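Notes for the one structure printed next.
Every heavy atom of this structure was used, including side-chain atoms; hydrogens, water molecules and symmetry mates were not. Letters go in sequence order (proteins before strands), and every chain restarts at 1. Because the structure is predicted, anything quoted here is derived from the model rather than measured.
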Amino acid sequence: MKPLLTLALKSAWNRRYTLGLTMIAVALSVTLLLGIERLRHDAHEGFAQSVSGTDLVVGPRSSPIQLLLYAVFHLGEATNNMEWSSVQAIARNPAVAWVIPLSLGDSHKGFPVLATNEDYFKYFHYGDHHPLEVAQGKPFHDLYDAVLGAEVASRLHYKLGDTIVLSHGMSGTHLTDHADKPFHVVGILARTGTPVDRTVHISLAAMEAIHIDWQGGAPIPGFAIPPQLASKFDLTPKTVTAMLVGLHSRIQVFALQREIASFDAEPLMAILPGVALDQLWDLMGVAERVLLAVSGLVVAVSLAGLVAVVLAGLNERRRELAILRSVGAGPWHLVFLLTLEGAAVTIAGVVVGTVLLTVLAAILGPWAELRYGVVVHAALPGLEELKLLGLVVVVGTLASLLPGLRAYRMALADGLTPRV
Amino acid sequence: MTDTVIRIEGLDFRWPGAARSCLDIPSFQVERGEHLFLHGESGSGKTTLLNLLAGVLTPQSGQLELLGQNLKAMASARRDHYRVDHVGFIFQQFNLIPYLSALDNVLLPCRFSSRRRLRAEEQAGSQRDAAQSLLSHLDLNEGLWSRSATQLSVGQQQRVAAARALIGRPEIIIADEPTSALDAERQTAFLDLLRRECAAANATLLFVSHDKRLASGFSRQAAMAEINRIHGEGAA
Ligand SMILES: Nc1ncnc2c1ncn2[C@@H]1O[C@H](COP(=O)(O)OP(=O)(O)O)[C@@H](O)[C@H]1O
Ligand SMILES: [Mg+2]
């Protein structure tokens with residue numbers, strides 16, 4: 001086998017341009033496959049990190065996934081609100097340790113605005129039971145105070161003391177501004193890698209104040225209440241979008257869930273964030289599988305190209321193989337030689353593709369996080385990824401048996417004297 | 001040990017799918033040290049016979065002995081090894097592996113056969129020295145040794161092939177019309193060199209050709225028409 005290895009290397013070097021291009025095709029397809037797998041994995045990871053220590057998410061009755069999406073990820077819009085009195089009633093339940101009321105609906109330059117209270121800074125946890133950390137400044141205190149997520153601050157280059165104007169509505173191009181009641185940046189949160197980073201936080205009272213002279217989603221014409229005057233009104237919210245609930249003991253979670261489901265005053269729903277996340281995965285599973293299948297197909301195409309290149313070269317190498325036979329190589333040696341070539345190109349492609357992805361992730365990762373909020377890690381391949389890469393190598397090697405076996409057949413038919 | 005290096009008895013070979021046999025050789029021997037010129041028309045089965053002697057084809061029936069060893073009794077992997085240990089081949093054309101230098105081409109048998117390697121080292125001190133001395137003896141000067149096949153003339157390529165067949169002193173050299181791509185002048189020159197080196201290496205030479213004019217200088221002549229009972233293009 002040893003003489004064959006050096007020969008295989010020299011032979012491959014002799015055809016380095018063709019094989020090199022083929023290898024690059026394999027490498028690019030591996031980068032794509034691995035990139036999609038990593039994106040999928042990191043998205044799962046990131047999503048799962050978004051909320052921690054919250055036992056129930058409560059909101060008006062709708063679909064659990066929808067409730068999870070807007071309450072935790074601030075995506076989509078709530079169709080209904082829940083009464084403030086319901087929030088208070090649930091907070092009074094002896095099983096409940098804390099509640100965080102959430103009110104959504106406004107935005108700032110595409111970032112969602114979340115109205116909540118001081119308990120948010122006390123009880124909200126993410127990742128592995130991490131509390132929120134105020135990196136600069138302090139939580140909101142005055143009516144028109146805003147606390148920015150790390151992403152909002154860095155993307156829009158805000159610093160403490162800056163003035164910002166909120167817009168009515170979550171998305172769209174023609175949003176009406178709450179220009180008459182600007183906010184001051186009093187705090188910037190430390191980075192969490194969760195949707196918190198992309199959120200502008202204000203108090204529930206502030207949310208009331210900026211909508212006090214509004215009705216049906218638009219300012220009431222000829223009826224403007226200046227900011228200083230707004231604070232004279234009762235700014236207790238009438239409704240909120242949803243609430244997060246923490247319990248004294250997890251054992252009570254199902255009992256409370258049932259209790260909330262049969263709440264008298266209005267139709268409510270309580271979901272376990274973990275369960276809803278699983279449902280979300282199931283929903284996204286189809287799309288993920290399609291993406292993965294497409295990239296798998298790209299890999300298959302590149303491997304087919306590799307086999308085609310090795311096969312096409314085989315006819316020209318007929319003499320070469322016969323000479324090797326005359327100096328003692330058996331048909332199986334030729335199978336080994338040809339298969340080794342395909343396998344080596346595949347392995348080289350896998351290695352180069354992985355390196356390429358790591359480099360791309362290192363260069364583009366921060367940009368992708370900034371631009372799209374997706375965190376892609378420039379890490380060494382994990383177990384799942386290694387399995388995927390191993391699969392590519394196995395398939396590439398098996399596919400390369402094809403030219404190998406063809407060489408075998410040719411060797412038997414040609415003997416030492418191919419008729420070319 | 002017998003002095004018959006090639007012994008064929010009652011050999012019958014038919015190509016797969018062919019209507020009738022290609023070779024039917026009742027008896028044929030080559031003795032040690034002979035330089036045998038085997039003449040045969042094109043299509044008379046010369047190349048087929050050489051492939052049988054190389055052990056890459058197996059006869060349907062009959063005995064085929066190389067140096068007293070029955071090829072048919074060997075497993076195919078053993079035959080592959082036996083071939084490189086004891087036989088050097090020179091083909092009609094395209095003898096060289098294009099991505100190897102002339103010198104590396106000559107060294108090929110030593111890579112696959114430890115017997116040939118040891119004999120080369122024994123003879124010249126190292127396999128490289130053995131290869132270089134053979135190349136010089138075959139009138140290939142140092143400047144050509146590191147060239148690849150594509151940078152050599154056909155005549156030079158055939159001489160490199162001869163050096164490869166001879167390195168490590170295999171007992172048998174088999175040449176299949178190695179001069180057919182050369183012009184007349186170079187043919188004789190090549191044959192003289194080849195016979196001289198075979199004699200120097202004590203090798204038995206089996207040289208096949210359709211060209212009778214090349215026969216002078218060989219110690220014995222034979223014709224396919226005499227040894228093979230099948231005549232013509234496998235039909236007649
Ligand atoms: N690979 C092969 N498959 C089938 N028939 C073959 C093959 N090689 C040679 N033959 C047949 O065997 C006969 C002898 O051919 P060959 O040994 O090449 O003759 P020579 O070398 O004397 O010109 C021819 O009839 C040829 O058609
Ligand atoms: Mg022939």
Side-chain angles (χ1 to χ4, degrees), chain A residues 1-20 309-310 312-338 340-341 344-345 404-420, chain B residues 15-17 46-58 75-101 104-117 148-150 161 164-165 167-168 170 174 176-177 208:
Chain A
M1 290 293 156
K2 218 183 103 203
L4 284 176
L5 281 178
T6 18
L7 280 174
L9 250 152
K10 286 187 176 169
S11 170
W13 181 248
N14 188 44
R15 286 167 293 124
R16 56 190 174 278
Y17 296 112
T18 338
L19 290 182
V309 161
V310 179
L314 203 50
N315 255 334
E316 288 165 32
R317 298 174 68 194
R318 249 176 136 132
R319 280 268 22 144
E320 176 190 331
L321 299 181
I323 293 165
L324 291 180
R325 287 218 70 195
S326 80
V327 295
W332 285 109
H333 287 120
L334 306 189
V335 175
F336 174 76
L337 196 70
L338 272 290
L340 176 75
E341 181 164 291
V345 171
L405 293 176
R406 187 160 159 66
Y408 182 91
R409 290 229 324 269
M410 270 170 32
L412 290 191
D414 288 350
L416 300 183
T417 47
R419 312 217 245 173
V420 277
Chain B
W15 281 101
K46 301 183 298 293
T47 299
T48 307
L49 177 62
L50 301 188
N51 274 310
L52 283 160
L53 290 172
V56 294
L57 293 179
T58 23
S76 70
R78 167 113 178 74
R79 261 202 311 268
D80 291 328
H81 218 144
Y82 196 76
R83 170 169 68 244
V84 64
D85 276 352
H86 301 286
V87 191
F89 288 91
I90 311 168
F91 303 111
Q92 203 161 342
Q93 53 181 336
F94 311 122
N95 265 296
L96 304 188
I97 290 186
Y99 51 82
L100 295 181
S101 69
D104 281 337
N105 264 288
V106 175
L107 286 170
L108 267 180
C110 298
R111 300 233 179 129
F112 284 87
S113 161
S114 45
R115 182 176 192 266
R116 298 269 294 266
R117 185 173 63 244
S148 73
T150 44
R164 183 176 64 211
I167 194 166
I174 290 180
D176 187 358
E177 318 215 27
V208 306

Give, as side chain, backbone, both or neither, the part of [X] having an atom under 4.5 angstrom from any heavy atom of chain A.
{"X": "B:D176", "answer": "side chain"}
{"X": "B:L100", "answer": "side chain"}
{"X": "B:D104", "answer": "side chain"}
{"X": "B:R164", "answer": "side chain"}
{"X": "B:S76", "answer": "neither"}

Closest-packed option against chain B by number of heavy-atom pairs under 4.5 Å, given A:A322, A:P331, A:A329: A:A329
Contact leader toward chain B among A:L416, A:L412, A:N14, where contacts are heavy-atom pairs under 4.5 Å: A:L416
Plane angle bin for B:F91 and B:F89 - parallel if under 30°, tilted between 30 and 60°, otherwise perpendicular: parallel
Test side chain to side chain donor-acceptor pair (under 3.5 Å) applied to B:Y99 and A:K10, A:R15, A:E320, the passing residue: A:E320
pair B:F112-A:L4: side-chain heavy atoms closer than 4.5 Å: yes
Side-chain heavy-atom pair A:N315, A:R318 within 4.5 angstrom cut-off: yes
Partner chain A: residue of B:G88, B:S148, B:P109, B:A54 with the largest heavy-atom pair count (under 4.5 Å): B:P109
Most chain A-contacting option - heavy-atom pairs closer than 4.5 Å, from B:Q92, B:R111, B:H81: B:R111
Counting distance only, does the side-chain N/O of [X] pair as donor-acceptor with the main-chain N or O of [Y] below 3.5 Å?
{"X": "A:S11", "Y": "A:A8", "value": "no"}
{"X": "B:R116", "Y": "B:I167", "value": "yes"}
{"X": "B:N105", "Y": "B:I97", "value": "yes"}

